[in-house]
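Down below is the structure, laid out as structure tokens.
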Amino acid sequence: MLRVEDLYVAYGDIEVVHGIDVEVAPGEVVGIIGSNGAGKSSLLRAVCGLHPARSGEIRLAGRSIIGDPTFRIARAGLTYVPAERRLFPDMTVLDNLLMGAYPQRPAPGRVDEVVALFPRLQERRRQAAGTLSGGEQQMLAIGRALLAGPEVLVLDEPSTGLAPALADEVYAALRILRDDRDLTLILAEQQVGRALALVDRAYVIEQGRVRLQGTAAELRDDPDVQRAYLGIA
Amino acid sequence: MAIVLDGIVFGLQLSLLAVGLTLIYGLGGVLNLAHGQLVVVAGIAGAVTISAGAAIPVAVVLAVAAAAALAWLLDATLLRPVYRLTGERRVLLSLLVTLGVAFLLDGILITTHPFTALNLSVPGPAIDILGVRMRSGSVVASIIAVTALAAVLAFLRLSRFGRAVRSVIQDEEGAALCGVNLPLTRTVVFVLSGVMAGLFAITQGLISSVGATSGLDFTILALIVTVVGGLGRVSGALVAGLVLGIVHAVSSFYIGAFVTFVILLGVAMLTILIRPTGIFGGGAR
Amino acid sequence: MTAPVPSADGATPSAATCRHTTLRAYLPVAIAAAVLAAVPLALGGSGYLMSLATTALVFAAYAIGMNVIFGSSGQLFLCLGALAGVAGFTSVLLADDQGWPLALSVTTGVVLATAIGALFSWVAVRRNLGVIFVGIVTLAFSLVFTNLVQGLRTLTGGETGRVVDAGGAALRGPISSYYLFLGVVVGFLALYRWLEGSRTGWAWRALKDDPVAAELAGVDVARARILAGTIGAAMVGLIGALFAHHEAFISPTSYAFAHVDVRVLIVIAFGGIGSLLGPVVGAVMLGVIDEVLRPLGQLRLAVYGALLLALFLGFRRGVVPAVADVVTTWRRARTPSDAPAAGRGTRASKH
Amino acid sequence: MTALLEVRGVTRHFGGLPAVDGIDLEVAADEILAIIGPNGAGKSTLLQLINGLLAPTSAQRITLDGTELLGAKPHRIRRAGIATVLQTPRMFPSMSVRENAALGARFTGPPTGVQEELSPDEAAMRVLERLGLDDRADAAVDELTLHDKRLLDLARALAGGPRLVLLDEVMAGLNPTEIDRFVAVVRGIRDDLGVAIIWVEHVMRAVTDLADRVIVLEAGRILAEGDAVEVLRDRRVIEAYLGQQGDGHAAG
């Protein structure tokens, strides 16, 4: 479904991703785990076209999308939920959700379906997004992405800045999404425990390179994961 | 009362001018100092068409089309290199480039059409509104302004594309992630602002006249309203236009025109110094 | 390899080198002064040509002021004409109507313009206003000024202006006034060069490159910005006041936005923002263009607009520096030894 | 212990949420203190509260050697003796390497460990020699590698004679060899010049190598503090980094 080959990403002259390969099959749930600064966000921002890749290849359903503008990649079915969420603060929750479906009209009932996943949003439909709490904003960001009806949903650190209880709530929703087998899910997370409990398979990224990869079960039992992951070489 | 009504009419016109300016700024960080020249181009295009013997409606359509076309041309050519920059550098270059455009157009229009002016006198008697007699020209102008503003607001609030425009103003990256085509949105809004400038020219032609030398004045008026309403805030521009229109009318009547202009400029300066986000900036909704 | 040098030994030669480089720094100013001083000889004393040359000097001086304000600290003042006009009208009113001595009235005018410039800078820094807000506030001030002058007819003569009596032979004679303005321009250039080498100059360079890094390196960015606005406004005010007395006539037109600010922008765009002699070269070019375009009348406005566009879109750094670059590259290309190293950097990787 | 830097009760909110929540900390002269913690824990915010780039929402005091720095502008804090090196090298591209370093001395005292009066250029050369950049003193900063840019940033900091240097993730983007070189340089600065260092880092190898003491931040508060190896074994620290394993046990 998504294939990243030998990707290099740099900010100015700081190269942060040094030749990463990632492959995700349709319907798979894949984790990209690693400590902060490991290069997870840079990898994902390059995948969705928000930051240009220095070199490499990115294919979505077999078609090269490298160098495409973000809006085209979004329309091609890959939707990214950044850690900063990027909501429209002065627009209502409902308008934010409807923007997710842009440029089509959302299928009837689709908004209700998404809101059903996050009941907290229900009572706040007419409220401005900027007035929501951090957890609600994260839910809205995921909800907005779902309204696009993506084939690949990419989530960047959905637990960032959330109290544990709220993070649990977000992850509960993600578990429901995982069981929807039409959706391919890619999840970047620094909380390796949470991530491995959700995904089928994961890549452990360290300093811009893939350090380990394997099924969730393999990685959970790997004594190297914690060490590698904490960045102690 | 008649004065206040005059002020409201003028205020509606100001809103028409300022909403266009503020939308472009909100969307692309471009402060178009040639906005007034769009009005002048529309005015002269209309006047020339009329003097060539065309019917008024044809002239009106041509006038608005001329402003829209010029706006499109600006966006598609000279502003391309500007959009490639980011942040302060984009704002600065846009200021200098559009200032250059303003003088370029002024020079050409003043030389080629020194005495052309758009005057659209509407036949018919004055009309009684709330016990006040209004010239029919003012009534028609108000109807045009109100209709245009309502249409723009409805477009921004209700249509999918309008929602996309608002989303870009609030968060460019978020909008791109939702699949919004940013360059296309910018172009459409630029043309829309041209249409509004053209309509302003029509309303101004109904009430007084539009000549080649008034470009800078229109730009400054739009700028004042935009600043007082909060740069990039549509609802702010709308309210500020009405309020300043009334202030303008009352103050011109009781104090005099030149002091009025100084007062308006002073209000704009004070707004920036005290509350740069605008006095009526309730949000981009 | 540089070995650590014993300091007693190292001090003397380095101090000498220092003085040497200091003097060399003023060499371009001296050359410019010498060349400009010879201009009246070349023009053969024609009164008309002399007045054109004097106007060019006036614009060079305005542009140096703009270089101090905008070039060094990035504050877009769109009110140079108004600042000059404040000084000009103040000085004329005090000298002609109140009978003040010329020197005192000019000084008062300059002080007033300086205070206004300093105030704008101070507010902009305090409120942390971006380039666009500084631009709008100062543009609004320009228009307020023009409108006030036109409105206060009894004092200022309104739109038509008024005759200025105070002046004296030195300011009025075609040759003497040329040298007087030349003295001011050379003084400004020397001051500019001196500032460049001073702590303030380094503060300006640093804050233009990166204000946050400058602040972190110990630069008082706010003070440096306000100083730029203040010094620049003083320069502009001085020229504005002298100009009024020189012309023997004052009107809002000679200080209008379209007359002063737009042309100064063209001058510095041509000469290169922040370059020492750029304003002089740019002002001469503008003078020539003005003269060539005289028959065009109002169409000159269009040419100014086109120039502004072309200069800022085409030569972001200024025509003079760009030409200098081309010449250097061309020279380098002819000496094949160091050709491959030229102009290569890592900057290309930025997006 | 007499503290060089003392921070008491510093809090900073962003939009109502605390990024730094009532932090107390002390740094001794010539100590290397590392601050680690997951993304968004408030590490960089804390540094910016110390160097003045951010103003605290509330605070009791921030003192350097007894001098109150609370509310001072960044340039004042720099002149008082706290220099900063940020993750993204902040260069002055219009200046040469030497001029970049000299700028650090122009507005402050002489470099640390130097007694005599030096011109800014001389001060710059001293520091560039120490960091091994003197052979490129007249180069343009564009020509430097990332590693050398960080060194130059450090040179600019040292040229101003700081008592304390704040390093914000300066190992990010360096390769292993460069990390080793940089670690040696940082150690040299502390050992030879007696400059104290607060160091936000996530390259743990460098932290365990260098730090005298480690503070772990989570959600704007200090979660653990102590010797590097000890802290990294701390159960709470591992959990903060890794998140809870699966469902159920919600750590308070």
Side-chain angles (χ1 to χ4, degrees), chain B residues 25 29 31 33-34 37 78-82 85 87-89 91-112 114 212-213 216-217 219-220 223-224 226-227 231 256-276, chain C residues 70 74 76 78 119-120 123-124 126-153 158-159 211 256-258 261-263 265-266 269 293 296-314 316 351:
Chain B
Y25 179 77
L31 190 67
L33 290 183
Q37 275 69 24
L78 292 175
L79 289 174
R80 282 293 128 124
V82 174
L85 302 177
E88 287 262 286
R89 282 149 50 86
V91 173
L92 180 62
L93 190 62
S94 80
L95 222 61
L96 294 169
V97 165
T98 54
L99 188 67
V101 172
F103 277 91
L104 178 63
L105 290 173
D106 261 359
I108 293 173
L109 293 173
I110 293 172
T111 314
T112 54
T213 54
L216 186 64
D217 294 338
T219 303
I220 297 298
L223 201 56
I224 292 172
T226 306
V227 163
L231 274 177
F258 104 87
V259 183
T260 298
F261 194 48
V262 172
I263 289 175
L264 292 185
L265 288 165
V267 169
M269 285 170 77
L270 281 177
T271 307
I272 288 183
L273 300 184
I274 293 164
R275 215 186 121 128
Chain C
F70 179 59
L76 183 63
L78 294 177
L119 182 72
F120 279 135
V123 172
R126 276 298 298 268
R127 308 277 319 171
N128 204 5
L129 298 181
V131 67
I132 195 158
F133 287 116
V134 175
I136 296 175
V137 167
T138 51
L139 178 61
F141 175 69
S142 284
L143 300 168
V144 166
F145 168 77
T146 309
N147 275 276
L148 280 181
V149 169
Q150 287 176 1
L152 302 170
R153 216 165 286 280
E159 215 155 328
F257 177 75
D261 292 86
V262 172
R263 292 153 135 242
L265 281 175
I266 292 172
L293 297 182
L296 290 183
Q298 286 280 33
L299 203 55
R300 272 197 300 175
L301 265 188
V303 178
Y304 290 150
L307 268 176
L308 209 54
L309 269 176
L311 289 175
F312 277 105
L313 281 180
R316 210 79 45 81
H351 293 277

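From a predicted model like this one, the values you see are computed outputs, not experimental measurements. The chains referred to below are lettered A, B, ... by the order of the sequence lines, with proteins before strands, and numbering in each begins at 1.
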Exercise for review: Report the distance from atom CZ of B:F258 to atom CG of C:L152, rounding to the nearest 0.5 Å.
Suggested key: 5.0 Å
Review point. Is it the backbone or the side chain of C:L265 that comes under 4.5 Å from a heavy atom of chain B, or both, or neither?
Key: side chain
Check your understanding: In Å and rounded to the nearest 0.5 Å, what is the CG to CG distance from C:L301 to B:D106?
Key -> 6.5 Å
Check your understanding: With only heavy atoms counted, which part of C:L299 is less than 4.5 Å from chain B, the side chain, the backbone, both or neither?
Key -> both
Exercise for review: Of all the heavy-atom pairs spanning C:R127 and B:R275, show the shortest one and how long it is.
Suggested key: NH2-N, 4.3 Å
Check your understanding: B:P81 and C:L313: which non-hydrogen atoms are nearest, and at how many Å?
Key -> CG-CD2, 3.8 Å
**Study point:** Side chain / backbone / both / neither for C:A310 at chain B, heavy atoms under 4.5 Å
**Key:** neither
Practice item. Could you tell me which portion of B:L270 (side chain, backbone, both or neither) has an atom closer than 4.5 angstrom to a non-hydrogen atom of chain C? Key: neither
Exercise for review: Pick whichever of B:L96, B:I110, B:L33 has the most heavy-atom pairs under 4.5 Å with chain C.
Suggested key: B:L96
Review point. Is there a side-chain contact (heavy atoms from CB on, under 4.5 Å) between B:F103 and C:I266 once you walk through the steps?
Key: CA-CA 12 Å; B:F103 277 91; C:I266 292 172; over 6 Å; no
Exercise for review: Report the residue from B:L265, B:I272, B:T271 that forms a side-chain contact (heavy atoms from CB on, under 4.5 Å) with C:V137.
Suggested key: B:I272
**Study point:** For chain C, the option from B:A268, B:G256, B:G100 that forms the most heavy-atom pairs under 4.5 Å
**Key:** B:G100
Point to revise | Whether B:E88 side chain and C:V131 backbone form a donor-acceptor pair below 3.5 Å | key: yes
Study note, to complete from the structure: When the 4.5 angstrom heavy-atom criterion is applied to C:L148 and chain B, the contacting part is both
Check your understanding: Which value, rounded to the nearest 0.5 Å, describes the distance between B:L109 atom CG and C:Q298 atom CD?
Key -> 11.5 Å
**Study point:** Heavy-atom contact with chain B under 4.5 Å, split by part of C:F145
**Key:** neither
Practice item. Starting at CG of C:L78, measure out to CG of B:L95 and round the result to the nearest 0.5 Å. Key: 6.5 Å
**Study point:** Distance (rounded to the nearest 0.5 Å) between B:L92 CG and C:F312 CZ
**Key:** 7.5 Å
Check your understanding: Using a cut-off of under 4.5 Å for heavy-atom pairs, which of B:I220, B:V227, B:L216 has the most such pairs with chain C?
Key -> B:I220
Exercise for review: Please look at C:V144 and chain B and tell me whether the side chain, the backbone, both or neither of the residue comes under 4.5 angstrom of a heavy atom of that chain.
Suggested key: both
Practice item. Please state whether the side chain, the backbone, both or neither of B:L223 comes within less than 4.5 Å of a heavy atom of chain C. Key: side chain
Review point. So which of B:T98, B:V262, B:L264, B:I263 has the largest heavy-atom pair count under 4.5 angstrom toward chain C?
Key: B:V262
Exercise for review: Flag yes if more than 12 heavy atoms outside B:R80 fall under 6.0 Å of its CZ atom; otherwise flag no.
Suggested key: yes
Revision key, fill the gap. To the nearest 0.5 Å, atom OG1 of B:T111 lies from atom CG of C:L296 at 8.0 Å
Exercise for review: Might you point out which heavy atoms bring B:L104 and C:A306 nearest each other, and give the distance in Å?
Suggested key: CD1-CB, 3.9 Å
Revision key, fill the gap. Tightest non-hydrogen contact, residues B:P276 and C:L129, listed as CG-CD2, 4.1 Å
